[in-house]
S.K.: 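Below are the structure tokens for one structure; questions will follow.
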Amino acid sequence: MNSNKKIHFEVSERKILLRIFDVFLVLLSLYCVSSLLDFNYFTFSENNWYWIIVLGVYINVFGTVFEMYNLQVASSQHQIIRSIVLTTSVTVLFYLLTPIYTPVLPSSRIQIIIFFITIFATLVLWRLLYVKFLASHRFVKKAILVCDQDQLDELISGIENVDPHYKFIAFVNSDAAQIANPTNITIEPIHTDDLEKFVRKNSISELVIASQKTDGITVNLYNQLIHMLENGITIREYTQVYEDSTKRIPVQYVSRDFYRYFPFSRSNQNHLYLLYSRIFDLLFSIFGLLLGLLFLPIILIGNAIGNRGPLFYSQERVGKNGETFRIYKFRTMVKNAEMNGAVFTSLNDTRITLFGKFMRKTRLDEFPQFINILKGDMGIIGPRPERPVFVQQIAENMPFYETRHVVKPGLTGWAQVNYTYGDSIDDSLVKLQYDLYYIKHRSIFLDINILLKTASTVLFYRGQ
């Protein structure tokens with residue numbers, strides 16, 4: 001039915017392709033350089049095959065840290081060059097300093113320069129070609145939305161703001177009381193009888209059903225959907241598309257039918273995963289406290305000059321199963337910051353001292369929370385713990401908010417690495433969506449992803 005449909009790669013597939021081509025092209029360039037020039041630092045043979053694996057792992061790991069696989073960054077010429085510079089520099093440094101599994105340091109420094117230039121030039125040329133010829137054209141997916149007209153703009157922006165390559169080009173009004181000639185709409189309306197013809201003519205990749213009213217899915221529309229499904233057209237429910245694209249749970253679109261998205265991740269009951277998490281929490285916390293001791297002189301001096309008051313402060317927070325605990329942090333606000341009662345911290349909060357801003361941006365104020373992790377009140381990864389007064393206030397507006405308390409709160413989390421600073425109920429809703437996504441998909445791989453994104457947050461000075 002739709003044999004001329006253009007090739008389209010999903011977000012995850014695009015990221016995998018970028019990773020594969022990064023490594024493949026770098027290795028190909030190194031092979032060509034070693035064959036054509038007097039370059040013998042990185043050579044290919046059966047005896048040193050592990051050199052290839054280590055280099056590939058470093059490119060992928062540091063590329064993740066420096067956001068080379070963030071599709072928004074990958075589609076921006078300026079941003080991707082910055083990421084390549086950082087990735088190449090750190091990759092080469094770590095590769096040179098890795099014992100046993102990488103080549104012995106060359107006697108000539110020119111070998112190191114050639115190694116660096118080869119990796120850097122290859123990544124720059126390949127990624128600039130990606131930006132110019134692939135990012136803007138090849139990955140566009142055209143879709144049709146079946147929904148009530150009054151929801152149209154909100155549903156479209158919910159997807160396209162996250163993935164600009166996903167385009168709704170038309171919609172079918174599923175409202176039983178259809179308007180004959182709808183106005184003030186941003187995309188083309190299609191009559192039910194013309195749906196199949198439109199799909200064939202415009203190489204539509206998939207149809208997305210967002211109607212919550214069953215009476216809007218008429219017998220005629222239902223039969224057409226079944227016929228197109230039989231002919232290979234993908235049909236998906238809107239909340240599935242939203243979750244796949246945004247990596248968060250669309251609680252605003254599912255009313256009180258939240259149970260449809262669960263059971264929770266099996267990792268929440270997996271004793272081996274929970275044991276691994278606890279061991280990791282303990283080891284990482286010990287390392288974190290030792291690292292914190294190195295920064296303590298700077299913090300003491302900065303607090304004495306810039307904060308002028310107690311070094312620590314503690315506060316009641318809500319943890320797993322709704323139980324409260326006291327969280328520990330380095331103080332970043334003026335003394336008696338809440339004389340008039342508890343309020344959300346805003347982006348440019350005047351209560352935060354100048355040194356406090358530095359502490360928050362670098363996440364240095366979080367070091368005392370490793371004590372909470374050792375005590376078992378928190379984990380390294382999980383939803384950020386909120387104050388009881390705010391939990392009660394937010395839960396009154398969001399029926400699913402307290403669902404985030406089924407796991408331990410964390411020092412960092414999926415919401416923290418994916419969303420900017422939030423100081424309102426609306427921001428809390430977005431963060432809740434990310435937190436629930438983590439609870440649903442919790443796994444070792446997602447934990448690693450969060451840790452790498454947290455490293456990016458710290459390195460790029462994006463703390464809150």
Side-chain angles (χ1 to χ4, degrees), residues 61-62 65-67 82 85-87 89-91 93-94 96-99 278-317 319 325-339 345-382 384-385 387 408-413 416-417 420-421 450-464:
V61 170
F62 295 120
V65 171
F66 295 113
E67 301 183 331
R82 181 193 65 169
V85 170
L86 293 170
T87 299
S89 301
V90 177
T91 295
L93 177 62
F94 270 75
L96 290 170
L97 298 179
T98 301
R278 185 55 183 156
I279 292 173
F280 175 79
D281 288 345
L282 292 172
L283 294 177
F284 200 96
S285 298
I286 293 170
F287 172 78
L289 289 172
L290 293 175
L291 184 63
L293 291 176
L294 297 178
F295 291 103
L296 190 57
I298 299 174
I299 295 171
L300 287 171
I301 295 171
N303 182 74
I305 298 174
N307 289 353
R308 297 185 180 181
L311 179 63
F312 296 95
Y313 91 97
S314 66
Q315 201 174 60
E316 194 176 54
R317 297 289 175 97
F325 68 97
R326 297 205 70 82
I327 195 172
Y328 305 109
K329 297 183 72 173
F330 287 124
R331 188 172 58 86
T332 58
M333 291 187 175
V334 297
K335 292 188 293 184
N336 302 317
E338 293 188 331
M339 293 180 62
T345 304
S346 59
L347 184 59
N348 295 306
D349 201 317
T350 56
R351 298 173 300 165
I352 302 174
T353 66
L354 186 62
F355 183 68
K357 290 180 181 179
F358 167 76
M359 295 272 281
R360 287 178 175 237
K361 286 288 187 182
T362 57
R363 298 289 182 94
L364 289 175
D365 64 315
E366 310 280 6
F367 273 104
Q369 289 174 50
F370 287 120
I371 298 173
N372 291 114
I373 297 171
L374 288 175
K375 291 171 62 179
D377 298 327
M378 296 173 56
I380 295 294
I381 298 171
R384 285 295 293 164
R387 299 170 66 177
K408 282 184 182 180
L411 182 65
T412 186
Q416 278 60 50
V417 299
T420 54
Y421 196 84
I450 292 171
L451 289 175
L452 292 174
K453 284 178 174 289
T454 300
S456 297
T457 300
V458 174
L459 290 172
F460 288 119
Y461 203 59
R462 295 179 187 147
Q464 300 174 354

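In this chain, numbering begins with 1 at the start of the sequence shown.
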S.K.: Roughly how far, to the nearest 0.5 Å, is the CD1 atom of I380 from the CD atom of Q369?
M.R.: 10.0 Å
S.K.: For atom CG of L311, decide whether the heavy atoms of other residues, nucleotides or ligands shown that lie under 6.0 angstrom number more than 12.
M.R.: yes
S.K.: Test Q416 against T457 for side-chain contact (heavy atoms from CB on, under 4.5 Å), laying out the working first.
M.R.: CA-CA 9 Å; Q416 278 60 50; T457 300; over 6 Å; no
S.K.: Side-chain contact, heavy-atom cut-off 4.5 Å: F370 with F287?
M.R.: no
S.K.: Enter the distance from F62:CZ to L86:CG here, rounded to the nearest 0.5 Å.
M.R.: 12.0 Å
S.K.: Taking all non-hydrogen atoms of both residues, which atom of P297 and which atom of L293 are closest, and how far apart?
M.R.: CD-O, 3.5 Å
S.K.: Can you confirm whether F94 is buried at CZ, in the sense that more than 12 heavy atoms of other residues, nucleotides or ligands lie under 6.0 Å from that atom?
M.R.: no
S.K.: If you look at every heavy atom in F355 and N303, which pair is closest and at what distance?
M.R.: CE2-N, 3.7 Å
S.K.: Between the side chain of N307 and the main-chain N/O of G302, is any donor-acceptor distance below 3.5 Å?
M.R.: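 Answer holds: no.
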S.K.: Excluding sequence neighbours, so at least two apart, what forms salt bridge (charged side-chain N to carboxylate O under 4.0 Å, His left out) with D281?
M.R.: none
S.K.: Calculate, to the nearest 0.5 Å, the distance between atoms OG and CG belonging to S285 and L291 respectively.
M.R.: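 S285 atom OG to L291 atom CG measures 12.5 Å (nearest 0.5 Å).
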S.K.: Where do L296 and F330 land on the side-chain contact (heavy atoms from CB on, under 4.5 Å) test, with the steps shown first?
M.R.: CA-CA 10 Å; L296 190 57; F330 287 124; 4.3 Å; yes
S.K.: Working to the nearest 0.5 Å, report the span between CZ of R360 and OG1 of T332.
M.R.: 3.5 Å
S.K.: Taking K408 for its side chain and G376 for its backbone only, find out whether a donor-acceptor pair lies under 3.5 Å.
M.R.: yes
S.K.: Test side-chain contact (heavy atoms from CB on, under 4.5 Å) on M378 and I327; report intermediate values, then the result.
M.R.: CA-CA 9 Å; M378 296 173 56; I327 195 172; 4.0 Å; yes
S.K.: Taking all atoms of both residues into account, what is the closest heavy-atom pair of R326 and N372, and its distance?
M.R.: O-ND2, 2.8 Å
S.K.: So, does R317 use its side chain to make a donor-acceptor pair with the main chain of P385 at under 3.5 Å?
M.R.: yes
S.K.: Could you check I381 against T412 for side-chain contact (heavy atoms from CB on, under 4.5 Å), going step by step and ending with a plain yes or no?
M.R.: CA-CA 5 Å; I381 298 171; T412 186; 4.2 Å; yes
S.K.: For R331, give me all partners under salt bridge (charged side-chain N to carboxylate O under 4.0 Å, His left out), at least two apart in sequence or on another chain.
M.R.: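 Salt bridge (charged side-chain N to carboxylate O under 4.0 Å, His left out) list for R331, sorted by chain: empty.
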S.K.: Would you call F358 and L364 a side-chain contact if the rule is heavy atoms closer than 4.5 Å?
M.R.: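 Yes - at least one pair of side-chain heavy atoms lies under 4.5 Å apart.
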S.K.: Under a 4.5 Å cut-off applied to non-hydrogen side-chain atoms, are E67 and R82 in contact?
M.R.: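 The answer is yes; the side chains approach within 4.5 Å.
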S.K.: With sequence neighbours excluded, tell me which residues meet ring pair (Phe, Tyr, Trp, His ring centres under 6.0 Å) with Y328.
M.R.: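 With sequence neighbours excluded, Y328 shows a ring pair (Phe, Tyr, Trp, His ring centres under 6.0 Å) to no residue whatsoever.
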S.K.: Can you confirm whether R278 is buried at CZ, in the sense that more than 12 heavy atoms of other residues, nucleotides or ligands lie under 6.0 Å from that atom?
M.R.: yes
S.K.: Distance check, rounded to the nearest 0.5 Å: F325 atom CZ versus K375 atom NZ?
M.R.: 9.0 Å
S.K.: How many angstroms lie between CG in L354 and CD1 in I305, if you round to the nearest 0.5 Å?
M.R.: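 Answer rounded to 0.5 Å: 11.5 Å.
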S.K.: Side-chain contact test, heavy atoms from C-beta onward, threshold under 4.5 Å: evaluate it for L374 versus I286 and give yes or no.
M.R.: yes
